[in-house]
Amino acid sequence: MPLEIIGKALDLRTNSHIIYGQIEIPEYLEIIGSNFDEYNIQRKKEKHKAYSRMKTDIIKGALLPTITLAINQHLVSEVVSLIKEEKSDLLKEALQRPGSFSILDGLQRTYILNEIRNEGHQFKEGQRLLLEFWIEPEIKHLIYRLIVLNAGQKPMTLRHQLELLFMTLAEKLKERIPNLDLHNEVDERRRTKPCQYAFERLVTSYQSFLWKTSELNKDNIIAQQLMEESVLDANEESLNNTFEEFTKYFKVYTILDEKCYNIYSGAQATKANWLATENVMNSFFAAISDFSTSTAREDRVNAALNKLMIDLPSLKDPMGIDIFDRVMSGIQTKKLNVGVATRKLLFTGFKEFFREEGEKSLADCWKSES
């Protein structure tokens, strides 16, 4: 049985269109496609005892919780027009078009459904899924909806919410940064060019930017909760502005990565991927966010980055990696956690670089902050 539209709603706060539907499981698996787990930013399949029980229940005919799908951005205008013109048949066709949406909530359920089908099981006649489609063109509304509203309704970690956010906004980011190449967490391919990042790096970079720290896993549970609450307490406009700021600096970062990749390739090929490492990315964006507490300080960040871009062609080691490695080699591993020490040096070093508006080289910043 094809998709049956059972209801429509409008979020009166954001004017987001929402459509509720029912569809039989085989049809759902057809429209979601066999490569539903190959979206650029998809998480790995999780193993949990509860999922084994869920699989058994589905085989017996259990009704699953609603699966939430986000209409891809380039189709939003078309779907909204069909809703307003009340063209139900065309709307149903659009909502069943393979590759037209991303799974926002229900990825693990989809894994299980696909696994059951591949094992040759025939789903019970009339066994349907409930679907909720989000049709929203405004980035700021999606940010607010995913980070804030979901947090109050579902037991999601902030990290998971950010993954959902970027799942929906990956296309927008690629439009703004044409050379951006994101690959999913399960695709462990080797980096072969600049501006190529694991999706997980993008998520943790944004989380570092939000929290103003590169230490995302606090031992102090209260401190962790306070950082999350500071994000959840923000209003829609604030979240949108933060995301726009992050996007602006991420675009600059890709340009820096591209230029440095060309400089370090060849004789210094092992350093060409330095800017794509998790510690460097998280610390860079955390340092920008933490330092930029005023317009004057934001100007310093921009001045430092502009000077670095101008000076790059004349520098053999623009990021000061040789000095950074030498400083790190002096860390007493028996006394200090290397990961924490690495992030601390990167974080404070980048902040010093911004404070000095780029007049002090990164190599000197690593030395002075060690």
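The neighbour count for Lys251 NZ, taken as heavy atoms of other residues, nucleotides or ligands under 6.0 Å away, does not exceed 12. When the shell of 6.0 Å around NZ of Lys360 is examined, it contains more than 12 heavy atoms from other residues, nucleotides or ligands. By the 6.0 Å contact criterion, CD on Glu125 is open, its count of non-hydrogen atoms from other residues, nucleotides or ligands being 12 or less. No more than 12 heavy-atom neighbours from other residues, nucleotides or ligands sit within 6.0 angstrom of CD on Gln122.
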Verify side-chain contact (heavy atoms from CB on, under 4.5 Å) between Tyr20 and Ile5, making sure each step is shown before the conclusion. CA-CA 6 Å; Tyr20 302 97; Ile5 295 177; over 6 Å; no
Walk me through whether Phe246 and Thr242 qualify under side-chain contact (heavy atoms from CB on, under 4.5 Å). CA-CA 6 Å; Phe246 171 79; Thr242 302; 5.6 Å; no
Worked check of salt bridge (charged side-chain N to carboxylate O under 4.0 Å, His left out) between Arg176 and Glu244: CA-CA 11 Å; Arg176 298 182 186 186; Glu244 291 297 330; 3.0 Å; yes
Can you list the steps and then say if Gln22 with Leu129 is a side-chain contact (heavy atoms from CB on, under 4.5 Å)? CA-CA 6 Å; Gln22 276 190 330; Leu129 290 174; over 6 Å; no
Please report the C-alpha distance between Tyr197 and Leu180 in whole Å, then the side-chain angles of each, then the deciding distance to 0.1 Å, and finally whether the side-chain contact (heavy atoms from CB on, under 4.5 Å) criterion is met. CA-CA 8 Å; Tyr197 312 100; Leu180 179 62; 3.7 Å; yes
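The CH2 atom of Trp366 sits 13.0 Å away from the CG atom of Asp322 when rounded to the nearest 0.5 Å. Taken from CG in Leu91 to NZ in Lys84, the straight-line distance is 13.5 Å, to the nearest 0.5 Å. Going from atom OG of Ser361 over to atom CE of Met319 covers 11.0 Å, rounded to the nearest 0.5 Å. Within the model, atoms CG of Leu95 and CD1 of Ile135 stand 6.5 Å from one another, a figure rounded to the nearest 0.5 Å. Arg201 CZ to Met281 CE: the interatomic distance, rounded to the nearest 0.5 Å, is 8.0 Å. To the nearest 0.5 Å, atom CD1 of residue Ile58 and atom NE2 of residue His121 are 9.0 Å apart.
Shown here are the salt bridge (charged side-chain N to carboxylate O under 4.0 Å, His left out) partners of Glu369, two or more places apart in sequence or in another chain: there are none. With sequence neighbours excluded, no residue satisfies salt bridge (charged side-chain N to carboxylate O under 4.0 Å, His left out) with Arg326. Residues satisfying the side-chain hydrogen bond (donor to acceptor under 3.5 Å, both in side chains) criterion with Thr348, sequence neighbours excluded, are absent altogether. The side-chain hydrogen bond (donor to acceptor under 3.5 Å, both in side chains) check on Tyr253 picks up nothing, with sequence neighbours excluded.
Ion pairing between Asp325 and Lys271 fails under the 4.0 Å rule for side-chain N and carboxylate O. At a threshold of 4.0 Å, the pair Lys60-Asp57 does not count as salt-bridged, since none of the basic side-chain nitrogens sits closer than that to a carboxylate oxygen. Taking a cutoff of 4.0 Å between a charged side-chain nitrogen and a carboxylate oxygen, Glu78 and Arg97 qualify as a salt bridge. Taking a cutoff of 4.0 Å between a charged side-chain nitrogen and a carboxylate oxygen, Glu93 and Lys87 do not qualify as a salt bridge. A salt bridge is defined here as a Lys NZ or Arg NE, NH1 or NH2 lying under 4.0 Å from an Asp or Glu carboxylate O, and Glu4 with Arg128 meets this definition. The pair Glu119-Lys55 meets the salt-bridge criterion, with a side-chain N (NZ, NE, NH1 or NH2) lying under 4.0 Å from an Asp/Glu carboxylate O. Ion pairing between Lys307 and Glu357 fails under the 4.0 Å rule for side-chain N and carboxylate O.
Side-chain contact check for Phe101 versus Ile31: some heavy-atom pair is nearer than 4.5 Å. Contact check for Phe243 versus Leu210: no side-chain heavy atoms found under the 4.5 Å cut-off. Side-chain contact between Leu308 and Phe353: present, with at least one pair of heavy atoms (C-beta onward) separated by less than 4.5 Å. The shortest distance between side-chain heavy atoms of Cys260 and Leu312 falls below 4.5 Å. The side-chain heavy atoms of Ile112 and Met54, taken from C-beta on, include a pair separated by under 4.5 Å. Between Ile18 and Phe133 there is no side-chain heavy-atom pair separated by less than 4.5 Å.
Between the side chain of Ser289 and the main chain of Ala286, no donor-acceptor pair closer than 3.5 Å is present. Remark: side-chain polar atoms of Arg109 are paired, donor with acceptor, to backbone N or O of Pro65 under 3.5 angstrom. Between the side chain of Asp11 and the backbone N or O of His17 there is no donor-acceptor pair closer than 3.5 Å. Panel note: side chain Glu27, backbone Leu3; no donor-acceptor pair is recorded below 3.5 Å. Using modelled atom types, one side-chain atom of Gln127 and one backbone atom of Lys124 make a donor-acceptor pair closer than 3.5 Å. Gln196 contributes a side-chain N or O that, together with a main-chain N or O of Thr192, makes up a donor-acceptor pair within less than 3.5 Å.
In this structure, Phe285 has its ring center no closer than 6.0 Å to that of Tyr206. Aromatic pair Phe209/Phe250: centroids not less than 6.0 angstrom apart. In summary, the aromatic rings of Phe324 and Trp274 are positioned with their centroids under 6.0 Å apart.
Here the closest heavy-atom approach between residue Ser292 and residue Val301 is recorded as OG-CG2, 3.6 Å. In terms of heavy-atom proximity, Thr254 sits nearest to Cys195 at O-SG, 3.2 Å. Taking every heavy atom of both residues into account, Gly358 and Ala304 meet most closely at N-CB, 3.5 Å. Closest approach of Glu352 to Ser368, counting heavy atoms only: CG-OG, 4.3 Å. Pairing each heavy atom of Asp257 with each of Ala272, the nearest pair is OD1-O, 4.3 Å. Closest non-hydrogen pair, Met309 versus Leu256, comes out as CE-N, 3.6 Å.
In summary, the side chains of Asn302 and Tyr249 do present a donor paired with an acceptor at a separation below 3.5 Å, with no hydrogens or angles considered. The closest side-chain donor-acceptor pair between Glu136 and Ser16 falls under 3.5 angstrom. Judged by distance alone, the side chains of Thr204 and Asn282 do bring a donor and an acceptor atom under 3.5 Å apart. Between the side chains of Tyr28 and Thr110, at least one donor N or O lies within less than 3.5 Å of an accepting N or O.
Cation-pi geometry between Arg297 and Phe291 is met: the NZ or CZ atom falls under 6.0 Å from the ring centre, inside 45° of the normal.
With respect to Leu113, the side-chain contact (heavy atoms from CB on, under 4.5 Å) criterion is satisfied by exactly one of Ile25, Ile32, Asn118: Ile25. With Val280 as the partner, the side-chain contact (heavy atoms from CB on, under 4.5 Å) test is satisfied by one option alone out of Ile321, Leu275, Thr342: Leu275.
Cluster partners of Ile310, using a side-chain heavy-atom cutoff of under 4.5 Å among ILVMFWY residues and allowing indirect links: none. When hydrophobic residues (I, L, V, M, F, W, Y) are linked wherever their side-chain heavy atoms come within less than 4.5 Å, Tyr261 remains an isolated member.
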